[in-house]
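Below is one structure; the comments refer to it alone.
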Amino acid sequence: MRRYNSMRPPLNGSSVSVGIKNMEEEKKTIGVRGLLAVAVVLCLCSLAVSTEETKQKQLRLKENGEFKILQVADMHYADGKTTPCTNVLPSEKVSCSDLNTTAFLHRMILAEKPDLIVFTGDNIYASDATDAARSLDAAFSPAISASIPWAAVLGNHDQQSALSREGVMKHIVTLNHTLSQVNPAGVDLIDGFGNYNLEVHGVEGSGFENKSVLNLYFLDSGDYSKVPSISGYGWIKPSQQFWFQRTSLELQKAYMSKPEAQEAPAPGLAYFHIPLPEFTNVVNSSNYTGVKQDPISSASVNSGFFSTLVEAGDVKAVFNGHDHLNDFCGEYTGIQLCYAGGFGYHAYGKAGWARRARVVVATLEKTDEASWGPLKSIKTWKRLDDQNLSTIDVQVLWSNNTPGGA
């Protein structure tokens, strides 16, 4: 069931890869010479692994050993009260607007008290926004008013107004309490806008207070293909993949070095808008929690980013939006691939199927000295915008007690 079809190019299902070997073959289609050229450029750049020190101090495991992330996907905010809702019940339609999206976010913040809010694109539906900057301000206002750190990436609709993709990110980074970055410091050449990483340090006073025990990667998955011979959505480019590889490697080295040297990397989570083609493999295996009601609207080429994630070895889960009626989470080749489900009321949805958000909680393990050590587990669930903010589909995404755990 699709909406805004004129804005969503058709999928080319025959181009979706099925397996690591095919992913490597697809990677060749974007040009080995191009990959090498980007590698040379990035190697010549100084790499800033983490954000500014002042921002990093804001992300730390709480004294109870937990860190909670609220993912908000596809708000599609426009002009507030005058913007009508899409795909709601007839009884809801008269009084429903963007303000329902705002109210839902306020309710989620009060209920979950997240340590970080991550907005995974299509934050505004820019083609319906009279003033893109004001729409962005309104969309993020609940996070700002609650003084909660938040981060955002772009979707395929954020730039469809007077502001370009660069302009949207440049506006976002001026807003209060955001940890978003236009792009990584020290990297002179990288595709897209909104590629950056954040570190989550251990509990203050523990042996891990100066180490990142959870690494968050944010990437710009683009909007639409800029290659005339390739139709459909954008994808994560070679320059972004090299940045991710180098950042992941540096973070792993730091975590596995003294003091408190660890034998395996700290777990990582990746956030971007457009799902990878490998989401199809999860569906084909039928090994997932949640529902699939939309096609997997990935790019029509496979840039090989999933194989890059597998090779890096630290990312345990990937979180996307884009396909509003999908909210499943399933494992493929050691990585959980997760949708959040549609959040916004101006976004297409399904009447009677509640808007929703995904919550992720990372929990530390206790040491023999009754202090806090590295991460023990990563768990997730979803909350529905119903009368009770119902919690559904609780599942463990990763545990250090299971095979493949750190």
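Numbers for residues simply follow the sequence, beginning at 1.
Looking at Ser161, its side chain never comes within 3.5 Å of a backbone N or O of Leu163 through a donor-acceptor pair. At least one donor-acceptor pair under 3.5 Å links the side chain of Ser303 to the backbone N or O of Ile236. The closest donor-acceptor contact from the side chain of Ser225 to the backbone of Ile230 lies under 3.5 Å. The backbone N or O of Leu325 sits less than 3.5 Å from a side-chain atom of Asp294, completing a donor-acceptor pair. With hydrogens and angles disregarded, no donor-acceptor distance shorter than 3.5 Å links the side chain of Lys376 to the backbone of Pro374. Without hydrogens or angle criteria, Asp386 side chain to Leu389 main chain gives a donor-acceptor distance under 3.5 Å. Listed for the Ser257 side chain is a donor-acceptor partner under 3.5 Å among the backbone atoms of Lys253. In this structure, Asp122 contributes its side chain and Asn156 its backbone to a donor-acceptor pair below 3.5 Å. Under the 3.5 Å distance criterion, the side-chain polar atoms of Ser180 are matched with a main-chain donor or acceptor of Ala152. Side-chain N or O atoms of Gln71 include one that pairs as donor or acceptor with a backbone N or O of Asn320 at under 3.5 Å.
If you run side-chain hydrogen bond (donor to acceptor under 3.5 Å, both in side chains) between Ser248 and each of Asn197, Thr308, Asp314, only Asp314 comes through. Residue Asn284 forms a side chain to side chain contact (heavy atoms under 4.5 Å, CB included) with just one option from Thr280, Val282, Asn287, and that option is Thr280.
Taking the ring centroids of His76 and Tyr345, they lie at or beyond the 6.0 Å cut-off. Outside the 6.0 Å centre-distance limit, the rings of Phe279 and Tyr332 are not counted as a close aromatic pair. Aromatic pair Phe140/Phe119: centroids less than 6.0 angstrom apart.
Side-chain atoms of Trp243 and Thr247 include a donor-acceptor pair closer than 3.5 Å. Counting only N and O atoms by type, the side chains of Asp137 and His171 include a donor and acceptor under 3.5 Å apart. Of the N and O atoms on the side chains of Arg165 and Gln159, at least one donor lies less than 3.5 Å from an acceptor on the other residue. With 3.5 Å as the limit, one finds no donor-acceptor pair spanning the side chains of Gln336 and Lys316. Side-chain N/O atoms of Glu260 and Asn210 include no donor and acceptor closer than 3.5 Å. Neither side chain, Glu311 nor Ser307, offers a donor N or O lying under 3.5 Å from an acceptor on the other. Using modelled atom types and a 3.5 Å distance limit, the side chains of Asn400 and Glu365 yield a donor-acceptor pair. The closest side-chain donor-acceptor pair between Thr289 and Asp393, if any, does not fall under 3.5 angstrom. Using modelled atom types and a 3.5 Å distance limit, the side chains of Asp220 and Asn195 yield no donor-acceptor pair.
Residues Pro265 and Gln252 approach most closely at CG-OE1, 3.1 Å, considering heavy atoms. Of all heavy-atom pairs between Asp115 and Pro149, the closest is O-CD, 3.7 Å. The two atoms that bring Cys96 and Val88 nearest to each other are SG-CG1, 4.3 Å, heavy atoms only. Shown here for Ile124 and Ala139, the closest heavy-atom pair between the two residues is CG2-CB, 4.4 Å. Shortest non-hydrogen contact noted between Ile109 and Ala146 is CG2-CB, 4.0 Å. The two residues Phe104 and Ala357 make their nearest non-hydrogen contact at CZ-N, 4.2 Å.
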(message) What verdict does the side-chain contact (heavy atoms from CB on, under 4.5 Å) test give for Trp235 and Ser300, after you've listed the backbone C-alpha separation in whole Å, the side-chain angles of each residue and the deciding distance to 0.1 Å?
(response) CA-CA 9 Å; Trp235 54 87; Ser300 60; 5.6 Å; no
(request) Take Leu154 and Val168 through the test side-chain contact (heavy atoms from CB on, under 4.5 Å) and record every step on the way to the result. (result) CA-CA 8 Å; Leu154 301 182; Val168 171; 3.5 Å; yes
(request) Step by step, work out the side chain to side chain donor-acceptor pair (under 3.5 Å) result for Asn183 and Tyr196. (result) CA-CA 6 Å; Asn183 268 327; Tyr196 55 102; over 6 Å; no
(request) Step by step, work out the salt bridge (Lys or Arg N to Asp or Glu O under 4.0 Å) result for Glu166 and Lys170. (result) CA-CA 6 Å; Glu166 182 178 13; Lys170 283 186 173 179; 3.1 Å; yes
(request) Using the side chain to side chain donor-acceptor pair (under 3.5 Å) rule, take Ser212 and Asn215 through it: C-alpha gap first, then chi angles, then the decisive distance, then the call. (result) CA-CA 7 Å; Ser212 178; Asn215 295 310; 2.6 Å; yes
(request) Please test Phe67 against Ile69 for side-chain contact (heavy atoms from CB on, under 4.5 Å), starting from the C-alpha separation and ending with a verdict. (result) CA-CA 7 Å; Phe67 187 85; Ile69 302 172; 3.6 Å; yes
(request) Walk me through it: do Leu216 and Glu199 pass the test side-chain contact (heavy atoms from CB on, under 4.5 Å)? (result) CA-CA 6 Å; Leu216 309 178; Glu199 301 176 16; over 6 Å; no
(request) Go through Tyr233 and His322 one step at a time and tell me if the ring pair (Phe, Tyr, Trp, His ring centres under 6.0 Å) criterion holds. (result) CA-CA 11 Å; Tyr233 293 109; His322 193 51; 4.5 Å; yes
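Ring-plane geometry between Tyr271 and Phe218 is classed as parallel, the angle between the planes falling under 30 degrees on a 0 to 90 degree scale with a further cut at 60. Ring geometry for Phe328 versus Tyr288: interplanar angle of 30 to 60°, hence tilted. Ring pair His346/Tyr125 is perpendicular by interplanar angle, where above 60° counts as perpendicular and below 30° as parallel.
Between Glu112 and Arg383, at least one side-chain N (NZ, or NE/NH1/NH2) sits under 4.0 Å from a carboxylate O, which counts as a salt bridge. Of the charged side-chain nitrogens involved, at least one lies within less than 4.0 Å of a carboxylate oxygen, so that Asp327 and Lys382 count as a salt-bridged pair.
Taking the ring centre of Trp353 as origin, the terminal cationic atom of Arg356 falls inside the region bounded by 6.0 Å and 45° from the ring axis.
Here NZ of Lys379 is found 11.5 Å from OG of Ser399. Values are rounded to the nearest 0.5 Å. Rounded to the nearest 0.5 angstrom, Tyr77 OH and Ser141 OG are separated by 6.0 Å. Distance CH2/Trp150 to NE2/His177: 10.5 Å, rounded to 0.5 Å. Note that CG of Leu375 is 11.0 Å distant from CD of Glu66, once rounded to the nearest 0.5 Å. Between atom OG of residue Ser145 and atom CG of residue Leu105 there is a gap of 8.5 Å, rounded to the nearest 0.5 Å. Note that the CG atom of Asn100 and the CG atom of Asp385 stand 7.5 Å from one another [nearest 0.5 Å].
By the neighbour-count criterion of 12 heavy atoms within 6.0 Å, atom NZ of Lys68 is densely surrounded, having more than that number from other residues, nucleotides or ligands.
At least one side-chain heavy atom of Pro275 sits less than 4.5 Å from a side-chain heavy atom of Tyr339. Here the side chains of Phe193 and Val153 are not in contact, with every heavy-atom distance at 4.5 Å or above.
Each salt bridge (charged side-chain N to carboxylate O under 4.0 Å, His left out) pair with one or both residues in residues 73-83, not counting sequence neighbours, would appear here, but there are none.
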